[in-house]
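Encoded as structure tokens, the structure appears first; notes follow it.
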Amino acid sequence: MKNSLLFKTLFFALLISYLGYSQKVAVIGMNHVSPDGLAFVALENIASSEVIYFTEDEYNNTTDLFSTGESVVQFTATQPISKGGVVFIKEFSTNTFTVTCTSGDCGIALEVSPSGPFALASGGEHMYAYSDSDNDPTNGVTEIYSVMYTVAGSLPALEDPTVDFPNAIVVDGFASGTPDRTEYMWSPATVRDGVLASDLENSANYLNGAANVDLSLVAFTNLTLSLNNEIIELKVYPNPVSNILNINANEIVSHVELYDINGRLVLETKNSIQLNVSQISEGLYLLKITVQDNNVIYKKIAKN
């Protein structure tokens with residue numbers, strides 16, 4: 001089922017467990033200098049004929065929609081792909097791709113969006129991997145599996161898919177302003193053995209700003225898709241809120257930030273479980289809650 005286009009008001013506790021991931025793939029590499037390309041790793045076995053989409057458009061976790069104007073690439077598996085297999089999609093002419101895989105000839109890739117050509121910005125780019133019931137991400141998607149953000153710094157809070165898809169893998173925090181070839185390290189092959197989800201999300205495990213060559217097809221072995229063994233229980237109420245927003249968590253709340261739909265910080269508090277929102281305008285907001293050990297949880301908030 002596609003995400004509703006309406007804001008989903010949250011009244012009950014959300015249990016976010018990172019004991020196991022159900023994600024299908026994670027983007028692990030991009031070439032930003034021609035020939036452009038991307039690589040992903042299968043986090044589960046992928047069946048023949050299964051479809052996975054990729055887009056450079058930005059996701060907005062307040063509207064639950066993608067922006068327009070950039071490409072959508074549809075990958076279709078032509079044979080089963082085993083967990084840990086790597087797929088490299090390479091543009092060899094405008095919007096035309098070759099596909100190479102750890103397991104050989106495993107799929108085809110087509111540019112299916114009329115909005116814009118496949119063109120990865122030399123200064124860094126978003127690349128979301130997701131599932132959908134059609135090739136238009138601007139009307140909602142089924143699930144976002146992962147995002148790689150190679151612009152120097154952190155993925156903007158409003159573009160973080162974990163607000164709506166808590167298991168999405170987010171790869172960001174790169175340093176280079178000219179990322180060129182950015183990909184998960186592959187030599188020696190042992191660096192792709194026994195990898196955790198937290199390893200996939202750690203930019204220190206990636207080459208960044210390397211010379212542009214074809215992305216590696218070295219497989220990942222013994223993938224263990226857990227981020228940590230902690231369950232965070234969180235309740236934010238009332239929502240919608242008029243005056244005082246209360247935060248109830250089973251962890252110590254160290255920092256609370258409230259952003260408007262344009263990504264501007266409008267309120268923040270430290271070491272408090274209450275936020276006074278009485279003076280801000282009515283509308284939709286994104287609440288960023290940091291608990292002990294720097295775990296971060298996002299919530300959508302409606303101000304009356």
Side-chain angles (χ1 to χ4, degrees), residues 1-16 55-70 72 115 126 128 130 132 136-144 146-147 149 151 153-168 170 172 232-291 294-304:
M1 182 185 301
K2 283 182 171 289
N3 278 355
S4 169
L5 304 186
L6 301 175
F7 174 74
K8 299 182 291 293
T9 306
L10 304 177
F11 290 99
F12 302 100
L14 175 64
L15 293 178
I16 300 179
T55 187
E56 306 150 64
D57 285 315
E58 294 87 2
Y59 182 68
N60 184 314
N61 55 36
T62 299
T63 63
D64 301 343
L65 300 174
F66 278 92
S67 62
T68 61
E70 300 194 69
V72 174
S115 300
H126 304 72
Y128 290 86
Y130 64 97
D132 201 355
D136 182 4
T138 67
N139 61 6
V141 301
T142 305
E143 183 174 9
I144 296 178
S146 75
V147 58
Y149 180 73
V151 178
S154 299
L155 180 71
L158 282 176
E159 297 166 12
D160 188 336
T162 60
V163 175
D164 299 308
F165 306 96
N167 287 343
V170 177
D172 64 353
I232 301 172
E233 182 178 355
L234 180 72
K235 184 177 182 180
V236 176
Y237 62 94
N239 187 12
V241 60
S242 298
N243 297 302
I244 302 298
L245 186 68
N246 299 289
I247 302 165
N248 188 351
N250 65 340
E251 300 284 358
I252 296 172
V253 175
S254 58
H255 196 187
V256 178
E257 301 161 86
L258 190 69
Y259 294 86
D260 66 17
I261 60 174
N262 296 311
R264 292 186 293 259
L265 178 66
V266 294
L267 286 174
E268 68 177 325
T269 183
K270 294 183 177 180
N271 302 314
S272 175
I273 57 173
Q274 289 188 326
L275 190 66
N276 188 339
V277 300
S278 60
Q279 300 303 308
I280 67 173
S281 302
E282 293 183 359
L284 304 179
Y285 293 86
L286 182 66
L287 188 69
K288 179 181 178 182
I289 304 166
T290 304
V291 297
N294 292 320
N295 286 309
V296 176
I297 303 167
Y298 292 98
K299 288 282 195 176
K300 295 178 183 178
I301 300 297
K303 168 62 167 62
N304 284 341

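One is the number of the first residue; the rest follow in order along the sequence.
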I need the minimum non-hydrogen distance between [X] and [Y], along with the two atoms involved.
| X | Y | answer |
| --- | --- | --- |
| Val253 | Ala249 | CG2-CB, 4.2 Å |
| Ile289 | Lys299 | CD1-CG, 4.5 Å |
| Phe165 | Thr142 | CE2-O, 3.4 Å |
| Lys300 | Thr62 | NZ-O, 4.0 Å |
| Asp160 | Tyr298 | OD2-CE1, 3.2 Å |
| Asn304 | Ser242 | CB-OG, 3.6 Å |

Quick check against the 3.5 Å criterion: does [X] have a side-chain atom that pairs as donor or acceptor with the backbone of [Y]?
| X | Y | result |
| --- | --- | --- |
| Ser254 | Thr290 | yes |
| Asn61 | Ala157 | yes |
| Asp57 | Glu70 | yes |
| Asn239 | Ala302 | yes |

Given side chains that start at C-beta, do those of [X] and [Y] come closer than 4.5 Å, heavy atoms only?
| X | Y | answer |
| --- | --- | --- |
| Val72 | Thr55 | yes |
| Asn246 | Pro238 | yes |
| Ile280 | Tyr285 | yes |
| Pro137 | Tyr59 | no |

How long is the gap from [atom1] on [X] to [atom2] on [Y], to the nearest 0.5 Å?
| X | Y | atom1 | atom2 | result |
| --- | --- | --- | --- | --- |
| Leu155 | Glu58 | CG | CD | 9.5 Å |
| His126 | Glu56 | NE2 | CD | 10.5 Å |
| Leu158 | Tyr259 | CG | OH | 9.0 Å |
| Leu287 | Leu258 | CG | CG | 6.0 Å |
| Asp64 | Asp164 | CG | CG | 4.5 Å |
| Tyr130 | Ile144 | OH | CD1 | 9.0 Å |

Inset, instruction - Given ring-ring contact (aromatic ring centres under 6.0 Å, His included), test Tyr128 with Phe66 step by step and report yes or no. - result: CA-CA 10 Å; Tyr128 290 86; Phe66 278 92; 5.1 Å; yes
Inset, instruction - Look at atom CD1 of Ile273 and say whether more than 12 heavy atoms of other residues, nucleotides or ligands are closer to it than 6.0 Å. - result: no
Legend entry - Heavy atoms from other residues, nucleotides or ligands near CG of Leu265 exceed 12 (cutoff 6.0 Å): yes
Inset, instruction - Step by step, work out the side chain to side chain contact (heavy atoms under 4.5 Å, CB included) result for Val147 and Val170. - result: CA-CA 5 Å; Val147 58; Val170 177; 3.9 Å; yes
